[in-house]
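Take a look at the structure below.
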Amino acid sequence: YTISVSAYLHRSVNYINRYVTLCGTLISAADETSNDCYRYIFRVKSISDRYGTQKANDNISFTTPHKFNCGESLKIKGIIRNLPHQMNESGFDPKTYYMSNNIFTRIYSEDVSKTKRILVFSPLMVGECISERVDKMIYRHYRDDGAAILSAVLTGNKHRFSEEYDDVLVSTGFKKVFHPAYLHIFIITSFIGLFRYVIRRQYRDLSTAVILLIYALIQCSSIGFTRCLICTAITIYYRLRYGSSYFPDTISAVIVICALTMPTMLFNTSFIISVSCGLIAWAFVPRLYKKLGFIPQPFRRTVSAMIIFAVVATPVMAYFFSSICIYSFILPLITAPVIILILLISPVYFIMQELFCMSPVIGAYLNVSVRYLYKLPYIIRELPFSSINIGKSSDTFMLMSLCIILSIYCTQKPHRRYVKILKTLSSGFFTAIVFYNVMRIGTAEINFVNVGQGDGAIIHTPYKETVIIDAGGSSEFSEYNTGKELFVPYLYAMGMNYIEAIIVSHYHKDHAEGVINVMQSVRTDTIFMPPITDADSESMKELAEKIK
């Protein structure tokens with residue numbers, strides 16, 4: 001961490017809470033925020049204040065009400081701020097997220113002007129410019145979530161979905177289908193696998209390395225993803241040069257390189273999940289592959305991977321996302337053919353639209369495919385047990401799960417001397433979890449969630465019934481709904497699937513609006529509401545009717 005924020009690497013850290021003038025270039029496309037502003041990644045080349053000017057080569061999170069194109073050079077005036085901290089224990093931690101992407105400061109400015117072109121070499125900017133042009137073409141012919149689906153499939157940008165549709169994607173586990181590392185690499189490796197018995201291995205590996213490097217250049221908005229691709233390409237090179245490679249060595253190389261170049265990368269959620277699931281797949285898929293001999297060989301490895309991820313990787317996913325969807329492991333089978341079709345026909349469709357302003361047949365196929373991907377998450381959500389809220393796993397539970405996974409792995413190896421130690425540790429952690437929960441029986445527990453202005457209290461009775469008093473909400477001066485953004489995620493993180501009672505103190509938005517979000521997200525038994533009086537305003541009466 002100390003290396004990552006050193007003044008030599010990040011000059012902007014020395015200017016926090018100071019009014020400065022920044023000169024540089026936008027290296028990312030516009031990302032619209034909830035308050036009608038646009039967020040960019042700005043490559044700073046010089047920083048000026050009243051004491052003078054310094055050269056810099058730093059990335060900063062830049063927010064402004066003005067919209068610009070990727071690659072434009074700007075002069076920005078404003079106050080450099082520190083990154084925002086995590087508001088609640090279970091909430092999103094923006095500081096860790098930005099730092100894991102090599103961003104350590106932020107600035108908001110309305111005083112922005114264009115300048116002459118400042119030369120910046122950034123693979124991220126190249127990829128973002130390509131994605132921005134593709135997005136402009138998509139949004140000329142599509143709108144709303146249909147355009148967002150095409151943008152996610154073609155460019156990997158999964159941040160343009162509407163709020164309602166994004167909630168459905170997250171609750172059903174469907175959003176991971178649109179993640180570039182999950183979507184594009186899955187398709188690339190699948191196509192390469194089709195030529196397994198046609199092209200010699202050395203040429204196939206060389207083609208894989210070249211394709212991955214080109215894709216890393218285009219799709220490099222995720223720094224960790226790009227580095228992992230490059231490391232994979234290097235590993236393929238060593239296999240070509242020396243005849244073999246060892247997967248744990250590849251993972252070790254990725255971790256070491258990321259730790260040396262940017263230590264905060266090790267705290268990135270996607271990085272941790274990819275490394276963990278990669279090791280789990282390496283350890284268990286080959287063994288399960290041998291036991292599933294009744295499945296045809298072309299599908300056996302895919303089925304083995306899906307089973308392993310659905311069972312063994314569940315503790316890892318639950319630790320970060322607090323919920324699981326039991327249907328998520330079949331998503332690749334029911335979405336991959338449609339996504340491949342979209343990738344193949346979309347370029348033809350847009351070229352024909354630009355040249356001839358029509359493409360009826362291909363357009364019909366594309367519309368049906370987009371409609372299928374749009375409706376599928378809603379269908380999955382209506383199925384029983386589509387989203388199981390299991391709460392955020394404790395560190396003790398994660399250690400126990402790790403010991404159990406290692407015990408299963410060691411029992412399949414010739415050297416089993418570690419099995420007893422691992423089983424003993426697992427039993428110890430399990431006993432600690434049981435003892436901790438037994439000690440909590442017969443005690444009441446009250447939690448106050450930080451919802452800003454307003455209230456949001458959770459009471460657990462001695463018999464473990466759950467009662468909520470208010471649930472936050474928005475205020476008269478802001479549309480930010482703390483009930484939806486903070487209170488409901490806290491309930492998910494605590495594993496609450498059922499609320500015995502909700503008590504509404506009064507009908508101000510900052511107290512009662514979040515109750516509606518709780519009722520929509522968690523099964524509720526009883527609601528206690530104060531009576532409506534003539535003194536109540538129309539907005540209070542309207543809110544009371546929504547709760548009823």
Side-chain angles (χ1 to χ4, degrees), residues 32-36 87-88 90-92 144-145 148 161-172 322-323 374-375 377-384 386-389 446-460 465-548:
E32 191 169 0
T33 64
S34 58
N35 56 352
D36 296 327
M87 291 189 65
N88 283 285
S90 60
F92 174 66
D144 303 325
D145 287 320
F161 299 111
S162 65
E163 190 174 349
E164 177 190 356
Y165 190 58
D166 190 74
D167 291 340
V168 177
L169 293 177
V170 172
S171 64
T172 57
S322 305
S323 63
Y374 176 77
K375 286 292 185 180
Y378 286 102
I379 296 174
I380 292 177
R381 189 179 64 171
E382 298 302 322
L383 297 175
S386 61
S387 180
I388 303 176
N389 180 23
I446 304 176
N447 296 308
F448 293 94
V449 182
N450 180 12
V451 293
Q453 179 180 323
D455 286 325
I458 304 172
I459 302 174
H460 297 290
E465 293 178 327
T466 302
V467 179
I468 289 176
I469 303 177
D470 294 339
S474 60
S475 66
E476 298 297 331
F477 310 102
S478 173
E479 294 299 322
Y480 183 74
N481 187 346
T482 57
K484 180 178 180 179
E485 304 295 338
L486 298 175
F487 196 84
V488 172
Y490 182 82
L491 296 180
Y492 282 152
M494 295 297 104
M496 298 180 191
N497 294 294
Y498 184 73
I499 306 296
E500 275 74 15
I502 297 179
I503 300 174
V504 180
S505 62
H506 59 287
Y507 299 114
H508 285 166
K509 290 176 67 176
D510 56 348
H511 288 257
E513 187 178 37
V515 172
I516 300 173
N517 302 113
V518 173
M519 294 168 59
Q520 293 172 343
S521 306
V522 183
R523 194 158 57 95
T524 305
D525 183 27
T526 306
I527 300 177
F528 295 94
M529 303 171 59
I532 300 294
T533 63
D534 295 334
D536 292 334
S537 64
E538 290 298 323
S539 61
M540 295 173 67
K541 294 177 181 178
E542 182 181 349
L543 188 57
E545 288 298 323
K546 289 182 180 180
I547 295 175
K548 289 181 179 180

Distance (rounded to the nearest 0.5 Å) between Ile532 CD1 and Glu542 CD: 11.5 Å
Salt bridge (charged side-chain N to carboxylate O under 4.0 Å, His left out) against Asp525, all qualifying residues, sequence neighbours excluded: none
Heavy atoms of other groups near Lys546 NZ, more than 12 under 6.0 Å: no
Reported CD1-to-CD distance for the pair Ile547 and Glu545, which is rounded to 0.5 angstrom: 10.0 Å
4.5 Å side-chain heavy-atom contact, Ile458 and Phe448: no
Pairs involving residues 519-548, ordered by first then second residue, that meet ring-ring contact (aromatic ring centres under 6.0 Å, His included) (sequence neighbours left out): none
Val518 side chain reached by Val488 side chain, heavy atoms, under 4.5 Å: yes
For Ile459, side chain to side chain contact (heavy atoms under 4.5 Å, CB included) partners two or more places apart: Ile446, Val467, Ile469
Exercise: identify the closest heavy-atom pair between Gly483 and Asn517: C-OD1, 4.2 Å
Exercise: identify the closest heavy-atom pair between Lys484 and Pro489: O-CD, 3.2 Å
Tyr507 OH to Lys541 NZ distance, which is reported to the nearest 0.5 Å: 12.0 Å
Residues forming a ring pair (Phe, Tyr, Trp, His ring centres under 6.0 Å) with Tyr374, sequence neighbours excluded: Tyr165, Tyr378
Partners meeting ring pair (Phe, Tyr, Trp, His ring centres under 6.0 Å) with His508 (sequence neighbours left out): His506
Those residues that, when tested against Thr466, pass side chain to side chain donor-acceptor pair (under 3.5 Å) (two or more places apart): His460
Donor-acceptor pair, side chain of Asp470 and main chain of Gly472, under 3.5 angstrom: no
Side chain to side chain contact (heavy atoms under 4.5 Å, CB included) partners for Glu465, two or more places apart: Thr461, Glu500
Spatial distance of atom CD1 (Ile468) from atom CD1 (Ile499) [nearest 0.5 Å]: 4.0 Å
For Asp455, salt bridge (charged side-chain N to carboxylate O under 4.0 Å, His left out) partners two or more places apart: none
Under 3.5 Å: donor-acceptor pair, side chain of Thr524, backbone of Val522: yes
Residues that Asp166 engages under side chain to side chain contact (heavy atoms under 4.5 Å, CB included), provided they are two or more places apart: Phe161, Val170, Lys175
Short side-chain donor-acceptor distance under 3.5 Å, Ser474 and Asn481: no
For Pro530 against Ser505, the heavy-atom pair lying closest together: CG-O, 3.6 Å
Residues which pass side chain to side chain donor-acceptor pair (under 3.5 Å) with Thr533, listed by chain and number, not counting sequence neighbours: Asp536
Interatomic distance, Leu543 atom CG to Met540 atom CE [nearest 0.5 angstrom]: 8.5 Å
Non-hydrogen side-chain atoms of His511 and Val504 separated by less than 4.5 Å: no
Residue pair Leu486 / Asn450, side-chain heavy-atom distance below 4.5 Å: no
Where Val451 and Gly456 come nearest, the two heavy atoms and their spacing: CG2-N, 4.0 Å
Check against side-chain contact (heavy atoms from CB on, under 4.5 Å), Glu164 and Asp145: CA-CA 10 Å; Glu164 177 190 356; Asp145 287 320; over 6 Å; no
